Amino acid sequence: MAAGRLRKFAFVLVGLVALVIGVGAWLLRVDDIPDELPPVVGDPASIVIPPVADEPALEVAKLHGKTAFFVVFSPAMRDKKEGQALNRALNRWQLPPGTEGHIVADGEGFGMFKGKVADMMRHFAAETRYPVHVDYDGVFTTTFGLAKGHHGFVVIGPDGAVLERRSGGAEGADLERIREMLGATEPPAGPPMPTFSIGEVGSDTCGGGTPCVIIFLAREIAKADVPGIDDGFDGEEAETFERMKDPSIRMVSTAMKAKLLRAKGAIVGRTRDLEFPTWLRVDDDADARAAFGVGPTEAAFVVIDGEGRVVLSTRGPVAMYQWGLVADTLGVELDEED
């Protein structure tokens with residue numbers, strides 16, 4: 001009898017495991033993108049996505065009178081670069097007052113992880129240009145007929161009409177059409193770089209087709225300070241996030257992951273037990289700091305394009321959404337999750 005009960009328990013357990021695997025596979029499925037998306041289901045204005053962390057709820061009805069766009073992403077996306085061109089454009093374009101954007105994570109079936117997701121959302125609040133909402137019910141993807149497991153994009157006009165629905169990103173002529181639809185413009189050209197010289201990186205070598213990047217550190221950074229590298233900082237997740245809020249630590253981490261091929265790069269500041277194969281590093285350069293208006297104990301990240309214009313100059317960490325501009329300018333790709 002005991003053996004029979006044991007066999008029954010084993011069959012039930014196997015069945016439960018199969019069910020869990022099957023449900024997981026269904027939730028993380030990647031559908032084929034059809035030639036034409038299915039019709040919109042229901043009234044988009046009725047969509048309400050409750051808050052997860054500190055962000056307000058997403059209530060589509062309250063966006064009436066505005067042009068609103070929504071970027072949808074899924075944890076099941078296999079092609080991490082799908083939608084990259086559109087995402088980078090949306091992070092770069094200047095938008096008129098009547099246009100606003102939102103990011104919707106398709107988290108259908110992952111409600112059991114709400115606590116963990118809320119913690120992550122608080123850390124990443126400053127990393128995205130637009131507010132992020134997690135849709136645990138999959139209502140957004142279902143309503144707009146978007147393909148599961150793909151990058152999605154939706155635009156709703158001031159009158160509530162759906163102006164654009166697409167899965168799989170956008171490039172070329174579609175990108176330009178979307179820019180006009182949103183009333184967006186490309187950012188103006190940055191100011192000319194100042195006269196400076198940091199060894200072989202300076203105003204005589206930057207520009208003329210060669211982009212440059214300059215990192216100014218606020219203090220000395222040692223290998224043991226930097227998470228995510230060999231023999232670097234190894235601590236709890238919360239400690240890692242806190243360390244990466246330090247601009248100098250984050251900039252050093254970035255430089256170690258960025259292999260400069262066609263761009264020139266200089267790091268101004270002391271480091272210990274760290275090597276930067278494709279970067280020039282100097283302990284300090286007061287003249288260079290003065291040229292860019294960076295104080296002696298201030299951290300800064302400066303990017304100069306191939307025409308010699310300063311396209312980015314920030315005194316804090318470079319947010320995730322800004323990395324598209326940096327990558328496109330320097331010809332360097334980083335894993336944004338890093």
Side-chain angles (χ1 to χ4, degrees), residues 79-92 127 169 171-172 175 186-187 189-217 221 223 226-232 244 247-283 285 288 291-292 294 299-314 317-338:
D79 181 0
K80 299 303 182 182
K81 291 189 176 182
E82 186 180 75
Q84 184 182 79
L86 177 56
N87 291 343
R88 289 185 174 182
L90 293 171
N91 285 329
R92 180 182 73 243
E127 299 293 337
E171 297 181 4
L175 206 58
E186 292 287 353
M193 63 180 165
T195 300
F196 74 101
S197 178
I198 308 170
E200 63 187 35
V201 180
S203 47
D204 58 342
T205 55
C206 298
T210 301
C212 290
V213 54
I214 304 150
I215 289 175
F216 295 95
L217 303 180
I221 301 297
K223 179 183 284 187
V226 185
I229 63 172
D230 292 340
D231 299 321
M244 292 300 279
S248 296
I249 291 178
R250 186 156 172 174
M251 290 176 189
V252 165
S253 174
T254 298
M256 296 197 69
K257 295 182 176 72
K259 295 178 175 60
L260 303 178
L261 300 177
R262 68 181 184 87
K264 292 183 177 294
I267 300 170
V268 179
R270 294 180 180 275
T271 62
R272 184 156 34 94
D273 302 325
L274 290 166
E275 296 182 359
F276 307 90
T278 60
W279 294 69
L280 168 71
R281 194 200 61 78
V282 298
D283 286 347
D285 192 315
F292 288 97
V294 180
F301 193 97
V302 179
V303 178
I304 300 167
D305 67 14
E307 296 181 359
R309 294 186 174 275
V310 179
V311 297
L312 180 67
S313 180
T314 177
V318 179
M320 184 189 301
Y321 80 86
Q322 295 174 302
W323 262 109
L325 174 62
V326 176
D328 287 342
T329 303
L330 302 179
V332 173
E333 294 296 336
L334 292 179
D335 184 345
E336 292 176 350
E337 294 179 358
D338 289 341

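Since this is a predicted model, take the numbers as computed values, not measurements.
Taking CG from D285 and OG from S197, the interatomic distance works out to 7.5 Å, rounded to the nearest 0.5 Å. The distance from atom CG of D328 to atom CD of Q84, rounded to the nearest 0.5 Å, is 7.5 Å. To the nearest 0.5 angstrom, M193 atom CE is 9.0 Å from D305 atom CG. Taking OG1 from T329 and CZ from R309, the interatomic distance works out to 13.5 Å, rounded to the nearest 0.5 Å.
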Test log, rule side chain to side chain contact (heavy atoms under 4.5 Å, CB included), inputs V302 and F216: CA-CA 8 Å; V302 179; F216 295 95; 4.3 Å; yes
K223 and I229: side chain to side chain contact (heavy atoms under 4.5 Å, CB included), yes or no, with the steps? CA-CA 8 Å; K223 179 183 284 187; I229 63 172; 4.0 Å; yes
Quick one, F301 with I214, criterion side chain to side chain contact (heavy atoms under 4.5 Å, CB included). Give me CA distance, side-chain angles, the key distance, then yes/no. CA-CA 6 Å; F301 193 97; I214 304 150; over 6 Å; no
Before giving the answer on side chain to side chain contact (heavy atoms under 4.5 Å, CB included), spell out for F276 and V252 the whole-Å C-alpha distance, their side-chain angles and the decisive distance to 0.1 Å. CA-CA 9 Å; F276 307 90; V252 165; 4.0 Å; yes
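Minimum interatomic distance between R281 and G269 (heavy atoms only, all atoms of both residues): NH1-O, 2.8 Å. Across all their heavy atoms, V201 and C206 have their closest contact at CG1-SG, 3.9 Å. Shown here for A291 and P194, the closest heavy-atom pair between the two residues is O-CG, 3.5 Å. The nearest pair of heavy atoms linking A263 to L330 is CB-O, 3.7 Å. Between A299 and S248, the closest heavy-atom pair is CB-OG, 3.8 Å.
Counting non-hydrogen atoms of other residues, nucleotides and ligands closer than 6.0 Å to CD of E186 gives a total above 12. Around the CZ atom of R92, the shell of radius 6.0 Å holds more than 12 heavy atoms that belong to other residues, nucleotides or ligands.
Using a 4.5 Å heavy-atom threshold, the side chains of E200 and I198 count as separate. The closest side-chain heavy-atom distance from Q322 to N91 is not below 4.5 Å. Using a 4.5 Å heavy-atom cutoff, the side chains of I215 and L217 are in contact. Taking the side chain as every heavy atom from C-beta outward, V326 and L312 approach each other to under 4.5 Å. The shortest side-chain heavy-atom distance between L325 and R88 does not fall under the 4.5 Å cut-off. Side-chain contact between I304 and P211 is absent, with no heavy-atom pair separated by less than 4.5 Å. No side-chain heavy atom of I267 sits less than 4.5 Å from a side-chain heavy atom of L280. Counting heavy atoms from C-beta outward, L261 and T278 have side chains that stay 4.5 Å or more apart.
With W279 contributing its side chain and A258 its backbone, the two residues share a donor-acceptor pair below 3.5 Å. For S203 (side chain) and F196 (main-chain N/O), a donor-acceptor pair under 3.5 Å exists by modelled atom type.
Between E127 and R250, at least one side-chain N (NZ, or NE/NH1/NH2) sits under 4.0 Å from a carboxylate O, which counts as a salt bridge.
Judged as a salt bridge (Lys or Arg N to Asp or Glu O under 4.0 Å), and not counting sequence neighbours, R262 has no contacts.
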